[in-house]
Amino acid sequence: MEVVTFFAQVFDSTIRLSIPLLFACLAGLFSERAGVFDIGLEGKMLAAAFAGAAMAAVYGNPWLGLMAAIVVSTAFALVHGFASITNRGNQIVSGVAINFIAAGATVILGQAWFMQGGRTPSLTGDQRFTAITLPFASELRGVPIIGEIYSVVLSGHSILVYIAFFMVFFSWWVLFRTRFGLRLRAVGENPAAVDTAGISVAWLRYRAVICTGILCGFAGAYLSMSIGAGFVKDMTAGRGFIALAALIFAKWRPGPAMLACLLFGFLDAISIRLQGTPLPMVGRVPAQFLQALPYVLTVVLLAGFIGRAIPPRAGGVPYVKER
Amino acid sequence: MAIPHGKLPGWADYGLLPLINVIVAFSVSGLVVLLAGESPVRAASLLVEGAFGSGQNIAYTLYYATSFIFTGLAVAVAFHGGLFNIGGEGQAYVGGLGVALVCLWLDTLVPWWITFPVAILGAALAGAAWAFIPAILQAKRGSHVVITTIMFNFIAASLMVYLLVGPLKPAGQMAPQTRTFFEGGQLPKLNWMLEAFGFTIRSSPLNISFLLALVCAFLVWILIWRTRLGYEIRTQGHSPKAARYAGIGEARIVVITMLISGALAGMMALNPVMGDTNRLQLDFVTGAGFVGIAVALMGRSHPAGIVPAAILFGMLYQGGAEIAFMMPNISRDMIVIIQGLVILFAGALEHMFRPWLAAAFASVSPRSVGLGRTGREGA
Amino acid sequence: MVQAAIELVGINKSFGAVHANKDIDLKIEKGTIHGIIGENGAGKSTLMSILYGFYQADSGEIRVDGRPTTINSPDDAIKQGIGMVHQHFMLVQNFSVIENVILGAEGEALLKSSLAKARSELRRLEREYGLEVSADAIIEELPVGLQQRVEILKALYRGAEILILDEPTGVLTPAEADHLFRILAQLKEQGKTVVLITHKLREIMAITDNVSVMRQGQMVATRKTGETTVEELAELMVGRRVLLRVDKGEARPGEVRLSVRNLTVVDSRGVTVVNDVSFDVRGGEIVGIAGVAGNGQSQLLETISGIRQAKSGQVLLNGEPIDVTGNADPGELRDRGLAHVPEDRHYVGLVLPFEEYENSMLGYHDRDFYLRGPFLDIEAIRADARDKIEKYDIRPPNERLKTANFSGGNQQKIVLAREMEKDPNVLVVGQPTRGVDVGAIEFIHRRLIDMRDQGKAVLLVSVELDEIRALSDRILVMFDGRVVGERDSDADEGELGLLMAGVESREAAE
């Protein structure tokens with residue numbers, strides 16, 4: 001039974017750790033599918049985490065915090081949109097800029113407003129998104145395996161976790177079952193086709209980056225108000241880039257994006273669990289190896305050695321009407 | 001990369017427009033200071049005071065600038081080849097490994113001036129090696145160097161943590177770092193240089209790698225504008241089609257450019273590792289690799305622009321410490337914002353003011369923007 | 001009087017200094033197939049782009065079904081019942097046929113019912129016009145002919161009454177083209193109006209009811225197709241121009257310098273762009289390749305000069321083979337005496353942000369003359385550049401000026417000077433005077449003749465028929481990737497025009 005408990009706990013933390021990746025990854029999905037590359041997921045997530053925690057700390061309501069997170073993250077997304085859609089600037093440069101502005105601004109404003117070295121005050125009780133116990137979770141705890149999975153792995157997460165998984169389905173539905181999604185995917189592949197069909201390329205792309213902003217808002221809110229209790233400097237710790245890696249890994253599709261995020265979350269969870277413990281057969285695996293694995297896997301994928309990740313054809317290229 | 005909207009006279013294109021962009025970046029930074037409840041004017045004067053107020057401060061400013069010159073040059077060389085190397089951070093980090101291994105090996109055997117050239121080689125080789133895989137993947141498999149270098153930054157971080165908590169840590173020590181280098185692995189300070197100007201300096205980390213950075217800036221200028229290789233790199237960067245026409249092998253140029261870029265980023269490690277702390281520590285790069293992006297954009301990828309831009313950022317780092325001390329609301333993270341804003345306005349939004357500026361010029365003097373002659377020819 | 005589906009009145013459009021459309025009047029009758037014919041750059045595509053709302057006219061009026069309208073965007077055009085099949089298809093490659101068809105005309109926010117509706121509508125169109133294509137096929141897996149059919153379906157699905165096709169047969173095989181014409185005939189039968197832009201006379205004669213001819217931005221004539229002849233159209237198209245004369249003596253062809261044998265080139269789309277081409281160029285002669293742009297001349301040039309890979313065939317330079325099917329290196333070909341003035345000087349022949357002197361050695365930058373070890377010998381390079389500036393009268397005479405700031409003619413002289421001064425024995429030239437001012441044209445022509453007289457082999461590609469006729473000692477005509485005829489320099493203009501339009505002999509045109 002110990003093995004089951006061990007894995008139940010690992011899977012439980014896998015879910016917790018993969019949620020911010022999942023939100024951010026879906027965020028990137030909207031933008032990149034529309035042909036706007038975004039390496040600023042990290043920054044938007046960070047800004048959202050700060051805005052959410054600050055709002056929740058002041059007004060004591062996590063939902064207000066979530067709203068603030070979404071608003072701030074979307075504002076950053078619009079800056080990226082302004083630079084890359086309206087001004088046809090370099091999308092990579094713009095993303096890098098946003099990461100820095102967010103990293104600096106969160107700490108400066110945090111220090112100015114809360115005087116705790118750039119942190120926000122710790123959130124307690126219902127200032128955070130608290131865990132939801134699914135019905136019958138405690139009753140089923142005794143049931144071997146299934147009960148354990150239900151009560152430990154599936155139950156006991158905050159509402160944002162369930163929203164994240166719903167978002168996977170929702171994103172798929174939007175992208176593949178709605179008019180907006182059809183146009184969004186088209187504009188990332190061939191903006192000229194969209195233009196000649198009488199649809200505004202710029203407005204469509206702006207709407208895509210707004211979606212990105214909203215989802216990054218969720219990612220940040222989860223970090224500072226659900227898994228964490230307040231904002232800490234640089235609390236995203238590269239998750240925006242892992243999300244980017246997951247997006248590539250998933251070849252820009254929602255379902256596989258979820259699996260990739262769970263995989264990367266699992267690697268993270270297991271590296272925490274396994275610190276110092278030798279594994280059967282392979283012996284001691286350094287935690288750093290597991291931490292680096294998502295990045296290594298992504299590079300291998302990008303190199304085309306295990307299937308090829310082909311980004312949306314118009315990705316990264318500003319649309320200029322041809323003469 | 002850029003879409004020209006209108007013709008401007010050269011000095012406006014290379015001088016005025018970038019200046020406007022940087023001024024806007026700093027003005028927005030001032031707004032952030034205001035938001036934090038402090039006076040931007042006072043912050044600015046504290047900044048200048050902190051950066052240049054005493055010999056000590058100047059020495060610190062130049063110490064930071066040293067690192068940024070290296071990383072700025074690294075980014076700039078890649079830009080010239082049409083490549084965006086975001087991996088300077090990781091390459092510098094691994095460069096530190098090269099420095100440390102050389103120092104740990106030689107510091108008890110030979111004086112510093114023998115260790116130094118070997119360490120330069122070690123740093124450059126290690127940095128270049130870390131750029132090699134992204135380079136070869138871009139050249140041979142078309143994997144975008146932006147994404148792979150980002151990934152390699154993280155892989156470098158994991159690798160270095162592994163090495164510093166494991167194999168490189170002396171037995172019986174807690175901190176994740178190497179042992180301290182002996183004299184043969186320590187670079188001499190440059191305090192005498194400033195003292196020659198009449199400053200007094202108690203202690204500062206400014207060391208001889210500052211001079212190396214200046215030499216590198218000069219060498220990069222030579223490379224880019226005075227060698228056949230540099231000519232080929234620029235041709236490839238401006239127009240891959242023209243490079244193909246001229247018989248310049250794309251794969252070869254991509255790899256060589258990235259190796260030079262990685263080597264320059266790796267050499268940044270000499271400054272903090274061999275010049276200051278005298279041991280390899282976790283996270284010693286502290287974002288210098290990324291500052292290089294801002295420095296290169298601001299310096300328009302020219303060494304003559306990069307050195308002043310690096311000193312400006314050195315000033316922000318050093319003066320920022322002063323501000324943080326005097327204004328409790330402002331920490332050194334202010335620099336990160338400024339850096340981001342500079343990248344945004346001098347990079348991604350570099351053409352935002354162009355139409356406006358072109359219109360201004362056209363109304364003042366139509367000839368200066370080429371309206372006196374016939375416009376574009378037919379296609 | 002048949003009612004006009006479209007009437008254009010006094011349309012003007014300029015791009016900078018180029019007057020692409022001058023006072024265009026055009027009337028297209030309802031229920032007809034109307035051809036618009038003209039050489040490259042005559043302004044056909046610009047005019048149709050204005051009609052489709054992609055550009056706005058500077059002045060003039062558009063009337064649809066007799067009502068004056070404004071068309072400011074493709075959306076407006078679609079609402080007026082105008083559909084367009086672009087030369088480069090506006091399709092999303094990884095979408096299915098049906099997704100491409102409904103894009104922008106989905107109707108509802110959810111796709112399910114739009115798709116269902118589209119499916120039945122597609123079946124109807126399929127029945128009515130014989131436009132068979134599987135609704136769920138992915139575009140990139142379809143042959144080009146079927147992709148074009150999807151473009152037509154897109155327009156019809158949006159209720160187009162007027163269908164504009166821009167050079168629709170350029171990418172089609174003859175069988176596919178015939179099928180397209182049957183579809184167009186069917187459309188006409190159903191009362192649709194078709195506008196066909198082409199440079200191929202055969203197509204005009206085969207299926208149009210009326211034909212309008214454009215030349216240099218102007219509408220020069222409209223005829224009923226049944227009342228005109230290919231000769232008349234060819235002449236209208238080419239015009240009675242002032243004869244371009246270049247003083248030149250008799251050619252004295254020497255030995256074969258460049259020899260092309262059965263060269264076949266396939267582009268990235270899989271279309272055969274150069275098809276089994278063979279010819280020789282001797283020292284001391286200029287061989288001109290005439291043809292309307294897009295008939296494979298560009299690819300032929302690129303292949304010979306080592307930039308593009310061939311599928312099969314052989315090219316011999318001074319009797320020695322060039323590895324055209326493998327990795328030919330343009331640098332090595334230069335060393336072997338082949339100089340190349342590319343068609344696209346902006347992105348291929350020059351690096352525009354470079355200073356003039358830097359471009360004056362592009363491709364020759366590995367010569368010892370310019371180098372001191374790994375370093376550039378800046379003084380030597382600049383002196384050499386100044387030399388060329390003087391010799392070729394490049395203005396302004398400033399080797400430190402950014403290349404982008406020179407005029408078209410002077411930019412071209414920079415390229416010519418570079419390629420001619422290294423004493424090549426074969427010179428391959430593409431569009432030497434495109435976008436070049438009149439004064440420079442004369443100079444450039446003179447230089448090319450001089451090269452010939454020095455015994456060099458010159459291969460000249462130009463879409464300017466006058467230029468080809470004035471300079472060449474022998475003329476080859478390319479059409480659809482093939483060399484369809486060889487003529488002497490004094491060949492009749494009309495005859496060349498017919499060849500360029502794909503009519504191989506006068507009899508075939510009847």
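It should be emphasised that the depicted structure is a prediction, and the values quoted were computed from it without experimental measurement. Below, chains carry the letters A, B, ... as their sequence lines are ordered, and counting in each starts from 1.
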Exercise. Considering residues, nucleotides and ligands other than B:F132, do more than 12 of their heavy atoms fall under 6.0 Å from its CZ?
Worked result: no
Problem set entry | Student check: side-chain heavy atoms of A:Q288 and B:V165 closer than 4.5 Å | yes
For this session: Name the region of B:I293, side chain, backbone, both or neither, that has any atom closer than 4.5 Å to a heavy atom of chain A.
Result: side chain
Problem set entry | Under 4.5 Å from a heavy atom of chain A, the part of B:L137 involved | side chain
Problem set entry | Value rounded to 0.5 Å, distance of CG in A:L302 from CZ in B:R141 | 11.0 Å
For this session: To the nearest 0.5 angstrom, please state how far the CG atom of B:L344 sits from the NE2 atom of A:H80.
Result: 10.5 Å
Problem set entry | Region of B:V161 in contact with chain A, defined by heavy-atom distances below 4.5 Å | both
For this session: With a 4.5 Å heavy-atom cut-off (strictly below), which parts of residues 94-111 of chain A touch chain B? List them by number.
Result: A:S94, A:V96, A:A97, A:F100, A:I101, A:A103, A:G104, A:A105, A:V107, A:I108, A:L109, A:Q111
For this session: Check whether A:L293 gets within reach of chain B through its side chain, its backbone, both or neither, counting any heavy atom under 4.5 Å.
Result: neither
Problem set entry | B:L297 CG to A:N90 CG distance, which is reported to the nearest 0.5 Å | 8.5 Å
Exercise. Under 6.0 Å between the ring centres of B:F154 and A:F241?
Worked result: yes
Problem set entry | Per-residue contact mode, A:V317 against chain B (heavy atom under 4.5 angstrom) | neither
For this session: Please flag which part of B:I150 lies under 4.5 Å from any non-hydrogen atom of chain A: side chain, backbone, both or neither.
Result: side chain
Seminar exercise, completed: Separation between CE (B:M151) and CG (A:L244), nearest 0.5 Å, reads 5.5 Å
Exercise. Quick one: does A:V296's side chain get under 4.5 Å of B:I155's, heavy atoms only?
Worked result: yes
Problem set entry | Interface residues of residues 81-93 of chain B facing chain A - non-hydrogen atoms under 4.5 Å apart | B:F84, B:I86
